[in-house]
There are 2 protein chains.
Amino acid sequence: MTEKSARGRPRQYDVRAALGAALLEFRRRGYTATSLDHLSEATKMARPSLYAAFGSKRDIYLRAAAQFAGDSVERRDRALFDEPSLPKALDSYFATLVAIYSEGDERPLGCPVLSVITGEATADPVIGAELAAALSRTDARFCQRIAAARDAGQLPPSTDIDAVADMLAALQHSLAQRARAGTALPELERIARNSVALTLKAAGAREP
Amino acid sequence: MTEKSARGRPRQYDVRAALGAALLEFRRRGYTATSLDHLSEATKMARPSLYAAFGSKRDIYLRAAAQFAGDSVERRDRALFDEPSLPKALDSYFATLVAIYSEGDERPLGCPVLSVITGEATADPVIGAELAAALSRTDARFCQRIAAARDAGQLPPSTDIDAVADMLAALQHSLAQRARAGTALPELERIARNSVALTLKAAGAREP
DNA sequence: GTATTTTTGTACCAATTCGCAATAAATTCA
DNA sequence: TGAATTTATTGCGAATTGGTACAAAAATAC
């Protein structure tokens, strides 16, 4: 027996697809320069429908970014936490990351948060909080992963977890910035590999 | 004998001061969200006057950013190149940098380029080129400084100049991003000190 | 004093922007 | 079948945006 839908005219949009299309627009232009008309075209939804479905422009961004984060976090966490070897985990994580940053168009679009809302973060408190939260999440993940490696004996007991995590976060911020500036994927990959190797060297990682 | 001015009504604005005020507005809001009205108020110049003096909104940004870069490059180069000891040079350079990133308002505004135009870089080719050029200039400076340190015997002859420079550039990108997200100066300083120390350790720097 | 030049200031323009009101369309329920 | 509900659509409004035309103001030159 097919499930009966609720009353009312059926939706012509798919929430996930619409949010995905919206985020691509935001990534193409940056937050402010993406208009409701851009979003309307991309989602094939009229502006009032966008408002009814998702709320204001800012709400649309926040929901789209959250969906993207939710979709990609598993991919990234698998790379970071499922591999017992720290060097391999980091290489895999950053390879995944630069692939994400290079997705979407014929030229890289960078990070859906760092590359899209950085300009607006100071003047708009909600956007600023979103940027700060994104940075904090990344920091927390790297701290967690470095702590796990130290506890597994792959790093010295005296390892300064925060300092090493800061280096890895810096690499992530840099890759996003470079992707946004047009750096090609192979170059991003080279930078990631070299920097991971140097960071591990500095941290005193045990050879595998 | 006082110098006679040219014909015409005397200017009521100072070019340097106007461009400085304009850049502060751009740093406060990001590029697109800064309107001609914002710039007009900040510079105390009417919009037609802004056009006559500096050109379009984009021209204003580019000129203001160039003036800022010109003013701060000496400060930064002095820190980086005048100090023979690489660790001291880098510490001094990044201390200068985070001070710059924290200047301007009661909360840090980050980098006048990386923190302001990143969102617009993909859709506007001129802005994109400006972002890419800023990244390239930073890369070139770090490469030059690391090569000088290797040639002075402070780093091993086999040092991978590019890889080390990439790490330092990553730190700079990260500090800009963190400043923009509201990170306080003491925290930026801590991250910079720790990251410089780890980078030098990875590079095999000689103890002073 | 008039002409020329440069700058300032007012007024205006066309287009865009975000957001809303009202209505029509498409479904289910009673 | 009509009512209720949800969604889509058209039209609109107020405000903003980047930019321009033109006249007035303020100086020098003759």
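Labels below follow one simple rule: chain letters A, B, ... track the order of the sequence lines, proteins then strands, and each chain is numbered from 1. This structure is a prediction, so every number in the text was calculated from the model and none was measured.
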Visitor: Which nucleotide sits closest to the side chain of Tyr13(A): dA8(D), dG18(D), dT5(C)?
Guide: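 Taking heavy atoms from C-beta onward, the closest nucleotide is dA8(D).
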Visitor: So Asp162(B) and Arg190(A), salt bridge (charged side-chain N to carboxylate O under 4.0 Å, His left out) or not? Walk me through it.
Guide: CA-CA 10 Å; Asp162(B) 283 346; Arg190(A) 181 191 70 79; 5.0 Å; no
Visitor: Name the closest nucleotide to the Arg11(A) side chain, picking from dT8(C), dA29(D), dA8(D).
Guide: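 The answer is dA8(D), which lies nearest to the side chain.
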Visitor: What is the distance from CZ of Arg58(B) to C1' of dG19(D), rounded to the nearest Å?
Guide: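 That distance rounds to 14 Å.
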Visitor: 5'-most contact on DNA chain D: Arg47(B) or Arg47(A), nearest heavy atom basis?
Guide: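 The residue whose closest nucleotide sits nearer the 5' end is Arg47(A).
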Visitor: Take the protein atom CE of Met45(A) and the nucleotide atom P of dT6(D), then report the distance between them rounded to whole Å.
Guide: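 From Met45(A) CE to dT6(D) P: 16 Å.
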Visitor: Among dT10(C), dT10(D), dG19(D), which is the nearest nucleotide to the side chain of Pro48(B)?
Guide: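 Nearest to the side-chain atoms of Pro48(B), counting from C-beta on, is dT10(C).
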Visitor: Between C1' on dT17(C) and CG on Leu39(A), what's the gap in Å once rounded to a whole number?
Guide: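 Rounding to the nearest Å, CG of Leu39(A) and C1' of dT17(C) are 12 Å apart.
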Visitor: Assign Thr34(B) to base, sugar-phosphate, or nothing according to its heavy-atom contacts below 4.0 angstrom with the strands shown.
Guide: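 Answer is sugar-phosphate: Thr34(B) comes under 4.0 Å of backbone atoms only.
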Visitor: Parallel, tilted or perpendicular for Phe26(A) and Tyr31(A), by the 30°/60° rule?
Guide: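 Because their plane-to-plane angle is under 30°, the rings of Phe26(A) and Tyr31(A) count as parallel.
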Visitor: Among dG9(C), dT9(D), dT17(D), which is the nearest nucleotide to the side chain of Ser49(A)?
Guide: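 The closest nucleotide is dT9(D).
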Visitor: Going by the angle between their ring planes, with limits at 30° and 60°, are Phe94(B) and Phe142(B) parallel, tilted or perpendicular?
Guide: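 The rings of Phe94(B) and Phe142(B) lie parallel, inter-plane angle below 30°.
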Visitor: Atom NE2 of His38(A) to atom P of dT17(C): distance rounded to whole Å?
Guide: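 From His38(A) NE2 to dT17(C) P: 6 Å.
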Visitor: Taking CZ from Phe54(A) and C1' from dC18(C), how many angstroms apart are they, rounded to a whole number?
Guide: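 Taking CZ of Phe54(A) and C1' of dC18(C), I get 17 Å after rounding.
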Visitor: Using whole Å, what does the distance between atom P of nucleotide dT20(D) and atom NZ of Lys57(B) come to?
Guide: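 So the two atoms are 15 Å apart, to the nearest Å.
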Visitor: Using atom CG of Leu36(B) as one end and atom P of dG18(D) as the other, report the distance to the nearest whole Å.
Guide: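 Taking CG of Leu36(B) and P of dG18(D), I get 5 Å after rounding.
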Visitor: For Gln12(B) and Thr32(B), find the nucleotide of DNA chain D closest to each by heavy atoms; which residue's nucleotide sits nearer the 5' end?
Guide: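 Comparing both residues, the 5'-ward one is Thr32(B).
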Visitor: Over all strands shown, is Ser35(B) touching base, sugar-phosphate only, or nothing at heavy-atom distances under 4.0 angstrom?
Guide: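 The residue Ser35(B) makes sugar-phosphate contact but no base contact.
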Visitor: Taking atom types as modelled, is there a side-chain donor on Asp37(B) or Ser40(B) under 3.5 Å from an acceptor on the other?
Guide: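 No, Ser40(B) and Asp37(B) have no side-chain donor paired with an acceptor closer than 3.5 Å.
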Visitor: Check every atom of dC18(C), dA4(D), dT20(D) against the side chain of Tyr51(B) and return the nucleotide holding the closest atom.
Guide: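 Among dC18(C), dA4(D), dT20(D), the one nearest the side chain of Tyr51(B) is dT20(D).
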Visitor: Counting heavy atoms from C-beta on, name the nucleotide in dA25(C), dT9(D), dT7(C) closest to the side chain of Arg9(A).
Guide: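 So the side chain of Arg9(A) is nearest to dA25(C).
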Visitor: If the threshold is 4.0 Å, N to carboxylate O, is there a salt bridge linking Glu120(A) and Lys57(A)?
Guide: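 Looking at Lys57(A) together with Glu120(A), the answer is no, because their closest N to O distance does not fall below 4.0 Å.
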Visitor: Leu50(A) has an atom CG; how far is it from atom P of dC18(C), in whole Å?
Guide: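 It works out to 11 Å between those atoms.
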